[in-house]
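Quick notes on the structure that follows.
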Amino acid sequence: MEEVRGTWGSKVKFILAAAGSAIGLGNVWRFPTYTGLHGGAVFVLLYILAVCIVGIPLLIAELTIGRHTQKNPVGAFKKIFPKSGWVVVGFLGIITGVFILSYYSVIAGWVIGYVFVTASGSFKGGDEEVITKIFQDVTSNSFIPILLLFVVIAITTYIISRGVQKGIEGWTKVLMPMLFLLLIGLAIRSLTLPGASEGIHFYLAPDFSKINSMVILGAIGQALFSLSLGMGTMLTYGSYLSKKENLFSSAIWVAFADTGVAFTAGLVIFPALFTIPGLSPAEGPSLIFKVFPVIFSKISGGLIFGTAFFILLTIAAITSTISLLEVPTAYFVDEKNWKRWKAALLLGSISFLLGIPSALSMGGVKFLSSLPLLRIDFLSLMDIIWGNLSLIVGSLLIAIFVGWKWGVKNAIYEIESSGERFALKNLWEILIKFITPLAIIIILLNTIYNYFVK
């Protein structure tokens with residue numbers, strides 16, 4: 001029997017699921033990290049601008065291809081232009097999803113581990129040496145990271161095997177409201193901490209003298225990363241949309257939810273960060289795992305605050321791993337007529353095996369360390385290849401496909417097939433044909449320079 005293809009139960013449920021895909025560690029971990037490194041409020045402004053001129057146009061493009069074809073990334077390009085090379089873009093998205101899931105789940109596993117570590121009171125006293133050792137124990141142990149990786153993959157595989165409505169939709173409609181409520185509660189607690197005003201000023205009062213090329217490029221790159229663009233996730237989610245739904249408003253709501261969560265995460269992190277003398281907002285990637293435990297150990301109610309924070313991160317991470325596994329699963333269901341549970345189990349198992357080197361990388365596993373580029377841990381290498389280069393290339397090809405190959409007129413016809421006029425279609429045409437591809441090309445060249453030339 002042919003596997004029945006899923007659909008979203010309603011527009012609201014689609015928005016929750018798509019927002020759940022976009023909302024992940026990129027919002028609650030990567031966005032505050034980049035904000036801290038790039039001058040605070042001025043980065044926030046540029047990020048919001050990048051979402052509007054790069055992120056949303058590309059999001060609309062992916063959703064449009066998906067709904068028009070009702071297919072996975074490979075099937076979508078094959079349906080629009082059979083026997084053409086554009087199907088490679090679809091395969092790139094599927095492969096990217098599997099590889100990102102493999103190492104992203106490692107970081108998600110660390111987060112789960114930190115829920116229990118924080119709740120146990122291990123950070124009490126705020127001794128930085130103890131906190132650093134705990135981070136090393138969680139990430140460098142030869143067993144714990146693999147166990148936590150397995151837990152994340154197992155949860156994700158189970159949810160995906162349940163299907164669109166019973167699995168993805170059923171869980172995200174529970175997890176997303178929990179995430180929103182936790183985030184708002186944590187933001188209120190952070191804003192009321194003694195000495196929080198300095199952090200609020202850093203986060204909300206822009207210093208335009210800090211604008212430079214790196215800040216601008218960082219904002220555009222974060223917009224692409226945060227919205228899960230370039231690997232067919234939104235294309236796949238769009239394929240489950242009814243023809244009656246307004247694609248433009250759906251895209252706006254998803255982008256608004258994603259950006260809103262990132263912004264609120266900053267309201268949690270920076271006011272709290274500035275309450276502890278000597279801590280810098282430019283701590284980088286260690287901000288969450290090494291700096292925040294210090295904060296939790298020294299503020300009133302820190303045990304509850306810290307535990308809730310890592311529960312929040314866990315929810316954000318799982319809603320993203322769901323979408324990462326859904327993309328390749330949809331391919332096997334659509335193109336190979338596999339049972340969903342079979343595809344999910346196989347791909348989950350592959351992702352787990354691929355994730356083991358990343359899980360062990362903090363313990364010293366290197367990859368071809370004789371090459372200058374690769375004198376880094378395996379997890380970081382995977383992020384460079386799949387979380388940066390592959391997403392950027394995928395985003396560029398999708399923008400070119402919609403803007404120049406398939407054509408803006410065909411895309412607009414699909415967008416307006418719901419019966420509602422696309423009022424900003426002329427602006428969208430300019431963005432998707434010229435501005436968005438140009439911005440992505442600049443990001444691509446900058447990434448290549450930083451990792452291969454510099």
Side-chain angles (χ1 to χ4, degrees), residues 23-45 47-48 110-111 113-132 134-135 177-207 210 259-317:
I23 295 166
L25 294 178
N27 300 75
V28 191
W29 175 40
R30 200 173 190 263
F31 172 75
T33 296
Y34 270 54
T35 301
L37 291 171
H38 294 302
V42 71
F43 177 83
V44 176
L45 285 177
Y47 167 71
I48 293 172
W110 298 349
V111 174
Y114 262 62
V115 172
F116 296 99
V117 171
T118 308
S120 69
S122 298
F123 296 130
K124 188 176 181 180
D127 188 310
E128 292 187 34
E129 289 186 9
V130 172
I131 288 171
T132 299
I134 290 173
F135 179 73
M178 285 177 60
L179 186 148
F180 293 142
L181 290 173
L182 267 175
L183 192 61
I184 292 170
L186 290 172
I188 292 171
R189 177 69 187 99
S190 184
L191 290 169
T192 55
L193 290 171
S197 58
E198 188 178 350
I200 296 171
H201 184 270
F202 173 83
Y203 188 57
L204 299 181
D207 180 356
K210 294 182 178 180
T259 305
V261 166
F263 180 79
T264 308
L267 291 177
V268 175
I269 289 170
F270 292 107
L273 181 67
F274 278 84
T275 62
I276 308 297
L279 293 183
S280 168
E283 292 289 342
S286 66
L287 185 70
I288 298 299
F289 296 107
K290 292 184 180 179
V291 176
F292 257 74
V294 176
I295 298 172
F296 299 146
S297 69
K298 294 183 178 180
I299 63 175
S300 176
L303 181 66
I304 297 174
F305 188 31
T307 303
F309 179 78
F310 284 110
I311 290 174
L312 167 70
L313 273 182
T314 299
I315 294 172

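In this text, all values refer to a predicted model and were calculated from it rather than measured experimentally.
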Measure from the side-chain N and O atoms of [X] to the backbone N and O of [Y], and report whether any donor-acceptor pair falls under 3.5 Å.
X: Ser190; Y: Val268; answer: yes
X: Thr307; Y: Ile304; answer: no
X: Thr35; Y: Phe31; answer: yes
X: Ser120; Y: Val117; answer: yes
X: Thr264; Y: Gly260; answer: yes

Out of Leu273, Leu267, Ile269, which residue meets the side chain to side chain contact (heavy atoms under 4.5 Å, CB included) rule with Tyr203?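 For Tyr203, the side chain to side chain contact (heavy atoms under 4.5 Å, CB included) test succeeds with only one of Leu273, Leu267, Ile269, which is Leu267.
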Give the minimum heavy-atom separation between [X] and [Y], together with the two atoms involved.
X: Thr259; Y: Ile48; answer: CG2-CG1, 4.2 Å
X: Leu191; Y: Pro271; answer: CD2-CG, 3.8 Å
X: Pro293; Y: Tyr114; answer: CG-CE2, 4.1 Å
X: Asn27; Y: Ala265; answer: O-CB, 3.8 Å

Rounded to the nearest 0.5 Å, how far does [atom2] of [Y] lie from [atom1] of [X]?
X: Met178; Y: Ile311; atom1: CE; atom2: CD1; result: 7.5 Å
X: Phe309; Y: Thr314; atom1: CZ; atom2: OG1; result: 10.5 Å
X: Phe180; Y: Leu182; atom1: CZ; atom2: CG; result: 11.5 Å

Does the side chain of Ile200 reach to within under 4.5 Å of the side chain of Phe270, using non-hydrogen atoms?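 Of all side-chain heavy-atom pairs linking Phe270 with Ile200, none is under 4.5 Å.
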Report yes if some heavy atom in the side chain of Phe43 is under 4.5 Å from a heavy atom in the side chain of Pro206; otherwise report no.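 Phe43 vs Pro206: side chains apart.
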Could you check whether the rings of Phe289 and Phe135 sit parallel, tilted or perpendicular, using 30° and 60° as the cut-offs?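 Tilted, since the angle between the ring planes falls between 30° and 60°.
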side-chain contact (heavy atoms from CB on, under 4.5 Å) for Asp207 and Val42? Distances and angles first, verdict last. CA-CA 6 Å; Asp207 180 356; Val42 71; 5.7 Å; no
Can you list the steps and then say if Leu204 with Phe263 is a side-chain contact (heavy atoms from CB on, under 4.5 Å)? CA-CA 10 Å; Leu204 299 181; Phe263 180 79; 3.6 Å; yes
